[in-house]
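So you know, we letter chains A, B, ... as the sequences are listed, proteins then strands, and number each from 1.
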2 protein chains.
Amino acid sequence: MGRGKIEIKRIENSSNRQVTYSKRKNGILKKAKEITVLCDAQVSLIIFGSSGKMHEYISPSTTLTDVLDRYHKASGKRLWDAKHENLSNEIDRVKKENESMQIELRHLKGEDINSLNYKELMALEEALDHGLDGVREKKAIF
Amino acid sequence: MGRGKIEIKRIENSSNRQVTYSKRKNGILKKAKEITVLCDAQVSLIIFGSSGKMHEYISPSTTLTDVLDRYHKASGKRLWDAKHENLSNEIDRVKKENESMQIELRHLKGEDINSLNYKELMALEEALDHGLDGVREKKAIF
DNA sequence: GATGCTATGTATAACGA
DNA sequence: TTCGTTATACATAGCAT
């Protein structure tokens with residue numbers, strides 16, 4: 001559309017991508033408004049550009065919460081429950097990561113190493129030696 | 001657009017309205033897909049026609065839940081109840097903990113230490129030395 | 001009503017400043 | 001970069017099935 005036909009694939013040139021995004025974003029928002037007025041539709045449109053900036057359009061006769069409620073009823077997808085579950089899973093996941101990092105940290109500090117076997121101790125020693133090398137090398141520059 | 005220009009106001013003839021809705025709905029969905037691919041955007045589009053039928057498009061790289069989460073962060077508008085908010089805060093808290101542990105771990109492995117000053121390097125060296133002592137002591141028992 | 005077909009109005013890709 | 005401008009490609013209003 002425009003001076004040349006383009007194929008629908010990611011625009012590699014980032015400044016072109018930005019310009020195209022801005023123009024098309026305005027285009028979609030306009031279309032959303034038009035269908036709302038012309039056809040009595042209710043539209044919820046949320047766009048995030050790659051820069052992270054958000055744009056939205058919600059039909060004036062409604063609210064996002066309303067739309068989501070209707071979405072919930074129409075699709076049967078339990079957004080809230082799913083959201084809740086996702087958050088819980090995410091917390092579990094991050095906490096587990098946390099825990100294993102804590103253990104690793106303690107080991108590196110020479111704590112709680114009674115349960116380690118000889119091979120693990122060797123690996124730990126090597127890691128510490130290596131870290132020490134890096135630090136001393138850096139220190140030497142000062 | 002088409003055989004004659006139209007003004008943007010409710011189409012009174014209900015069958016025309018229905019036809020226009022169907023055509024424009026497809027148009028917007030197409031545009032939404034296009035901007036997603038062309039510009040790396042993330043789009044959530046939900047449309048209800050006056051008949052009550054729903055249509056949606058969510059960028060393949062994401063989920064409605066994700067988009068709503070980002071919407072929440074970007075707009076500050078509260079879509080969730082307090083419980084979800086608490087969970088979100090918990091995640092943020094744990095993730096921050098996570099991050100600082102990751103940094104500490106990297107430092108102990110001699111990585112990313114360019115930003116450290118001399119005093120911090122000294123402390124790091126001491127910690128590594130101490131850790132090494134512990135490990136060697138333990139190793140000696142084997 | 002739904003679908004397919006154009007003539008026409010719009011959106012926009014490539015430029016230019 | 002970020003604006004306009006314009007030549008084109010695209011979307012679609014009005015018809016015809």
Side-chain angles (χ1 to χ4, degrees), chain A residues 1-62 64 67 70-71 73-76, chain B residues 1-62 64 67 70-71 73-76:
Chain A
M1 209 177 296
R3 295 297 181 85
K5 181 170 185 163
I6 58 163
E7 49 174 333
I8 302 303
K9 60 174 222 179
R10 182 189 146 92
I11 296 169
E12 293 304 336
N13 181 301
S14 85
S15 105
N16 283 353
R17 190 167 67 239
Q18 165 57 37
V19 170
T20 293
Y21 171 72
S22 170
K23 288 179 173 181
R24 280 177 173 261
K25 176 207 65 188
N26 290 334
I28 293 187
L29 289 172
K30 185 177 175 197
K31 294 286 189 191
K33 287 172 197 166
E34 288 180 351
I35 200 174
T36 297
V37 174
L38 288 170
C39 311
D40 263 351
Q42 300 205 307
V43 178
S44 151
L45 173 62
I46 301 173
I47 312 177
F48 288 96
S50 47
S51 71
K53 196 164 178 187
M54 187 186 77
H55 299 273
E56 61 171 318
Y57 173 73
I58 313 286
S59 302
S61 60
T62 188
L64 182 52
V67 172
R70 295 185 67 187
Y71 177 89
K73 288 190 181 109
S75 73
Chain B
M1 210 177 299
R3 296 299 180 83
K5 182 171 183 164
I6 59 163
E7 49 173 333
I8 302 304
K9 61 174 224 180
R10 183 189 144 94
I11 296 169
E12 293 303 337
N13 180 302
S14 85
S15 112
N16 283 353
R17 190 167 67 239
Q18 167 56 38
V19 170
T20 293
Y21 171 73
S22 171
K23 288 178 174 181
R24 280 178 173 259
K25 176 206 62 178
N26 290 334
I28 294 187
L29 290 173
K30 184 176 175 195
K31 293 285 190 192
K33 288 171 197 166
E34 288 180 351
I35 200 174
T36 296
V37 174
L38 289 170
C39 311
D40 262 351
Q42 301 205 304
V43 178
S44 151
L45 173 61
I46 301 173
I47 312 176
F48 289 96
S50 49
S51 71
K53 193 160 180 190
M54 187 187 77
H55 298 273
E56 62 171 316
Y57 173 74
I58 313 286
S59 302
S61 60
T62 188
L64 181 53
V67 171
R70 295 183 68 188
Y71 177 89
K73 289 200 175 90
S75 73

Nearest-Å distance, [atom1] ([X]) to [atom2] ([N])?
{"X": "A:Arg17", "N": "C:dA14", "atom1": "CZ", "atom2": "C1'", "result": "18 Å"}
{"X": "A:Met1", "N": "C:dC15", "atom1": "CE", "atom2": "P", "result": "18 Å"}
{"X": "A:Glu34", "N": "C:dT10", "atom1": "CD", "atom2": "P", "result": "9 Å"}
{"X": "B:Arg3", "N": "C:dT10", "atom1": "CZ", "atom2": "C1'", "result": "16 Å"}
{"X": "B:Ile11", "N": "C:dG1", "atom1": "CD1", "atom2": "C1'", "result": "16 Å"}
{"X": "A:Asn16", "N": "C:dG16", "atom1": "CG", "atom2": "P", "result": "14 Å"}
{"X": "A:Lys31", "N": "C:dT12", "atom1": "NZ", "atom2": "C1'", "result": "11 Å"}
{"X": "B:Asn26", "N": "C:dG4", "atom1": "CG", "atom2": "P", "result": "12 Å"}

So do the side chains of [X] and [Y] get within less than 4.5 Å of each other, counting heavy atoms only?
{"X": "A:Ile58", "Y": "A:Val43", "result": "no"}
{"X": "B:Tyr21", "Y": "B:Ile47", "result": "yes"}
{"X": "B:Thr62", "Y": "B:Ser59", "result": "yes"}
{"X": "A:Ile11", "Y": "B:Asp40", "result": "no"}

Exactly one of A:Arg24, A:Lys31, A:Lys25 should register a salt bridge (charged side-chain N to carboxylate O under 4.0 Å, His left out) with B:Glu34. Which one does? A:Arg24
Comparing nearest nucleotides in DNA chain D, the 5'-proximal residue of the pair A:Lys23, B:Arg24 is A:Lys23
Mapping A:Val19 and B:Lys30 onto DNA chain D by nearest heavy atom, which one lands closer to the 5' end?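 In this pair, the answer is A:Val19.
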Select base, sugar-phosphate, or nothing to describe what [X] touches, counting heavy atoms under 4.0 Å on all strands.
{"X": "B:Lys5", "answer": "sugar-phosphate"}
{"X": "B:Ser22", "answer": "nothing"}
{"X": "A:Gln18", "answer": "nothing"}

Outermost DNA chain D nucleotides near chain A [under 4.0 Å, heavy atoms]: D:dT1 to D:dT12
For C:dG1, does OP1 or OP2 lie under 4.0 Å from any side-chain N or O of B:Ser15? no
Heavy-atom pair of closest approach, residues B:Val37 and A:Ile8: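 Nearest heavy atoms, B:Val37 then A:Ile8: CG1-O, 3.6 Å.
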Between B:Leu38 and B:Ile6, who's closer to the 5' end of DNA chain C by nearest nucleotide? B:Ile6
Sidechain-backbone polar pair: B:Asn16 side chain, B:Glu12 backbone, donor-acceptor under 3.5 Å: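 No, because the side chain of B:Asn16 does not come within donor-acceptor range (under 3.5 Å) of the backbone of B:Glu12.
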